[in-house]
Amino acid sequence: MSLANLRTHYTTQIDPGKIGDDKVALAGWVHEVRDLGGICFVVLRDRQGRAQITLVKKKIDRELFNFARKLIRESVISVRGSIKPEEKAPNGYELIPDEIELLNEAESPLPLDTTGKVDAELDTRLDSRFIDLRRSRTNAIFRIRHEVLHAVRNYLANDGFLETSSPKVVATATEGGTALFPITYFDREAFLNQSPQLFKQILMSGGMDRVFEIGPIFRAEEHDTRRHLNEATSIDIEASFVDHFDVMEILENMVEYVYNQVIENVPDALEVMGIELRVPKTPFLKLTYQEAIDIVNSHGEEELKWGDDLSTLSEHTIGEHVFQETGEEHYFIIDWPTEIKPFYAMPYEEKPEFSKSFDMMHRTMELSSGAQRIHVPEMLKNRIADQGLDPEGFDFYLRAFSYGMPPHSGWGLGCERFVMTMLGVENIRDVVLFPRDRRRLSP
RNA sequence: GUCCGAAUAGUGUAGAGGCCUAUCAUGGGGCCCUGUCGAGGCCCCGACCCGGGUUCGAAUCCCGGUUCGGGCGCCA
């Protein structure tokens, strides 16, 4: 028997007015069994939703009735039968079964409740992610995450960007800043890459003109917060013959597009989460770095001087200030001091202590950072040396700048932070299927 | 890394030295019930993180450990 016979429809695909006398098969998990004595309801759940299977004792085979009322929750079943329009049932129909096939029986008790009656802590849910995913809220988060990634790909491809993939195993820990995970690569030491940055720039020399990559990045920092992971997903772009303002425009328009697509394509998931999504207004406010630290200093909770990076507290101070002033949650901070940005950020010609760099912020945290990049090899070598890095380790990268490198700009956007700020999710682990943090390496 | 807090049935919780043979909900088992949709009713089952200490007596107080949560730091 072909397994295709186990399911003819998802629960949400049945139109009770049109189906007539045709037999249908639904397959999924036993969400609940409500045995009322003379009548028994089995709620079957699949990825899309739920359906009610109704068994009336007097009208149905006694053996089938007794089998149904003894089903163990979260077991996997396939049910074949006929559809009866019924306004009292979910989706406007109920399934009157001819047969119920038990495909895999669940053990009892379950590691956590899937119906929403009893909460479970994040740690408990992550330990049993396979069953946590059966909860409607968790299911909704990952359907939305899919829609976000799908919309990003659509937007960038339509804007002339080619999707690329760069290596995650790299030879040298050269970029500086963050710590890398060392690994063994045959008989050599290698590292997991912290960012596709250097590779996407090389692609600009290759004439690919506009590229993007959605992929994992690895940071070996021992950070321990609700917004950091050691393995995250980065949405990166790089584009030639454009400046930082051009790529900021791409970024804000993409954010707007993604919000709209989520609203249009997964409204049911938003409803499950109880979210009425508001689309950010473009263009986003642009604060200079100087204005940003002035805001922090005028609030008096901490004193920042020029050249300081923004603390977590100051990010919140600025975010709240912008929200009070504009009612918007997204904004840019531009014109950062060259010394606190990575070596590849292009300084302004007339004031080289400032760089053509930006961060895209949400009210609560940093979402993205980008810049126009240095495309002049001598300047790049000097900047690498200025930051205390060894230019020799950058040969594979620097060579690309000596044979025709166009001016270019780009950014990286944290996928998880984008999703969590969109949905108001407070812990980044909630928007990753199998998060990797300081402590968790399994599942 | 550091500061603060927490750890009780499968899950989520109550608990402030004797009231604990440990609360409630959910769940599981049994029985009743023909329209439930967090079904309802009755009965039953199931737990104090580990190791020391204080005390006549510890789930409760102290010390150490482990694990978890939150803040900060670290962090293209």
Side-chain angles (χ1 to χ4, degrees), chain A residues 31-43 45 50-60 65 69-70 72-74 84 86-91 94 106-128 131-132 135 174-180 193-198 200-201 217-230 232 234 236 238 302 309-316 336 340-345 355 357-359 365-366 368-371 373 387 389 410-414 417 426-427 429 437-440:
Chain A
H31 186 68
E32 279 187 297
V33 179
R34 272 189 283 276
D35 177 11
L36 276 67
I39 189 168
C40 175
F41 303 99
V42 175
V43 180
R45 185 191 68 246
R50 294 173 199 165
Q52 175 168 291
I53 297 145
T54 303
L55 302 96
V56 177
K57 195 175 190 175
K58 284 197 291 195
K59 295 185 184 169
I60 207 154
F65 184 85
R69 53 186 283 268
K70 291 293 174 193
I72 293 171
R73 292 161 71 240
E74 297 303 324
K84 180 179 153 203
E86 173 56 70
E87 282 188 20
K88 282 181 280 188
N91 297 317
E94 54 190 13
E107 285 185 22
S108 183
L110 299 164
L112 50 86
D113 167 52
T114 58
T115 64
K117 290 177 206 164
V118 186
D119 283 340
E121 290 185 4
L122 181 60
D123 200 52
T124 305
R125 294 196 285 115
L126 291 177
D127 281 341
S128 300
I131 200 158
D132 178 46
R135 300 164 74 237
T174 48
E175 199 176 330
T178 195
L180 301 198
N193 208 186
Q194 69 183 96
S195 146
Q197 179 63 30
L198 306 186
K200 62 183 186 170
Q201 287 191 261
I217 56 172
F218 303 91
R219 307 282 165 91
E221 298 295 336
E222 297 190 1
H223 36 45
D224 189 9
T225 79
R226 294 185 299 175
R227 58 189 185 283
H228 290 277
L229 288 171
N230 295 293
S234 178
D236 263 87
E238 204 67 33
E302 57 184 329
D309 210 340
L310 301 180
S311 65
T312 305
L313 175 62
S314 55
E315 283 182 359
H316 293 163
W336 289 72
I340 58 171
K341 278 292 171 186
F343 63 81
Y344 45 76
S355 60
S357 57
F358 62 88
D359 281 3
M365 71 187 85
E366 177 190 331
S368 170
S369 67
R373 324 299 194 182
Q387 300 231 342
L389 299 165
W411 43 252
L413 167 67
R417 289 186 175 191
E426 296 202 325
N427 195 315
R429 294 160 184 81
D437 62 29
R438 178 84 184 86
R439 301 189 181 100
R440 184 175 287 277

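A note on names: the letters A, B, ... follow the listed sequences, proteins ahead of strands, and every chain is numbered from 1. Remember, predicted model here, so these are calculated numbers, not experimental data.
A donor-acceptor contact under 3.5 angstrom links the side-chain atoms of A:His228 to the base of B:C75.
Picking from B:G28, B:G12, B:G35 the nucleotide with the shortest atom distance to the side chain of A:Arg73 gives B:G28. Ranking B:G12, B:A76, B:C31 by closeness to the A:Tyr344 side chain, first place goes to B:A76. Checked against B:G1, B:U11, B:A76, the side chain of A:Ala120 finds its nearest nucleotide in B:U11. Of the candidate nucleotides B:C74, B:U34, B:U11, B:C74 has the atom lying nearest to any side-chain atom of A:Glu221. In this structure, the nucleotide among B:G73, B:A25, B:G27 sitting nearest to the side chain of A:Lys117 is B:G27. Candidate nucleotides B:A76, B:U36, B:C75 were compared by shortest atom distance to the side chain of A:His223, and B:C75 ranks first. The A:Pro342 side chain lies nearest to B:A76 when the options are B:U11, B:C33, B:A76. Each of B:A76, B:U36, B:G12 was ranked by its minimum atom distance to the side chain of A:Leu36; first place goes to B:U36. Proximity note for A:Lys58 (side chain, C-beta onward) versus B:C75, B:G35, B:U34: the nearest is B:U34.
Nucleotide B:G10 holds its P atom 13 Å from the CG atom of A:Leu110, rounded to whole Å. Note: CZ (A:Phe65) to P (B:G35) measures 12 Å, nearest angstrom. At whole-Å resolution of the value, NE2 in A:His316 and C1' in B:G73 are 14 Å apart. Here B:A76 presents its C1' atom at 9 Å from CG of A:Leu198, a figure rounded to the nearest Å. Distance, A:Gln52 CD to B:U34 C1': 13 Å, rounded to whole Å. Spacing between atom CZ of A:Phe218 and atom C1' of B:C74 amounts to 20 Å, rounded to whole angstrom units. Taking atom CZ of residue A:Arg135 and atom P of nucleotide B:U11, one finds them 14 Å apart after rounding to whole Å. Distance CZ (A:Arg45) to C1' (B:C37): 15 Å, rounded to an integer number of Å.
A:Ser311 comes within 4.0 angstrom of the backbone, heavy atoms only, and of no base. Within the 4.0 angstrom heavy-atom criterion, only backbone atoms of the sugar-phosphate kind lie near A:Glu32; the bases stay farther away. As judged by a 4.0 angstrom heavy-atom cut-off over every strand, A:Lys59 is placed among residues making no nucleic acid contact. Contact annotation for A:Thr115: no contact, since no heavy-atom pair falls under 4.0 Å across all strands. Counting any heavy atom pair closer than 4.0 Å across all strands shown, A:Glu94 reaches a base atom.
Across all strands shown, B:U67 forms a Watson-Crick or G-U wobble pair with B:A6, both key distances being under 3.5 Å. In this structure B:G35 sits in no base pair that meets the Watson-Crick or G-U test at under 3.5 Å. Across the strands present, B:G57 finds no partner; the criterion is a Watson-Crick or G-U wobble pair with both atom distances under 3.5 angstrom. Nucleotide B:U13 forms no Watson-Crick or G-U wobble pair with any nucleotide shown, as no partner meets the under 3.5 Å limit on both distances.
Side-chain polar atoms of A:Arg45 and A:Thr115 form no donor-acceptor pair below 3.5 angstrom.
By the 4.5 Å heavy-atom criterion applied to side chains, A:Asp437 and A:Asp224 are not counted as neighbours. Looking at heavy atoms from C-beta onward, A:Arg438 lies out of side-chain contact with A:His228 at the 4.5 angstrom threshold. No side-chain heavy atom of A:Asn193 sits under 4.5 Å from any side-chain heavy atom of A:Ile217.
With hydrogens and angles disregarded, a donor-acceptor distance shorter than 3.5 Å links the side chain of A:Arg219 to the backbone of A:Gln194. A:Gln387 places a side-chain N or O within 3.5 Å of a backbone atom of A:Lys341 that can act as its donor or acceptor partner. A distance-only check finds no donor-acceptor pair linking the side chain of A:Arg73 to the backbone of A:Val33 [under 3.5 Å]. Judged by distance alone, the side chain of A:Ser234 and the main-chain N or O of A:Gly412 form no donor-acceptor pair under 3.5 Å.
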Checklist outcome for this item: Protein-proximity profile, nucleotides 64-71 of chain B, B/S/- by nucleotide at the 4.0 Å heavy-atom cutoff, equals ----SSSS
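Going from the C1' atom of B:G46 to that of B:A22 covers 13 Å, rounded to whole Å. Look at the C1' atom in both B:G15 and B:A7: the space between them is 14 Å, to the nearest Å. Taking the P atom of each, B:G57 and B:G18 are spaced 14 Å apart, rounded to whole Å. When the P atom is used for both B:G17 and B:A6, the distance is 15 Å, rounded to whole Å.
Here the closest heavy-atom approach between residue A:Arg125 and residue A:Arg135 is recorded as CD-NH1, 3.2 Å.
For A:Thr54 and B:U36, the shortest distance from a side-chain N or O to OP1 or OP2 is not below 4.0 Å. Considering only side-chain N and O atoms, A:Arg373 lies nowhere under 4.0 angstrom from the phosphate OP1 or OP2 of B:A76.
Not a single salt bridge (Lys or Arg N to Asp or Glu O under 4.0 Å) links A:Arg50 to another residue, sequence neighbours left out.
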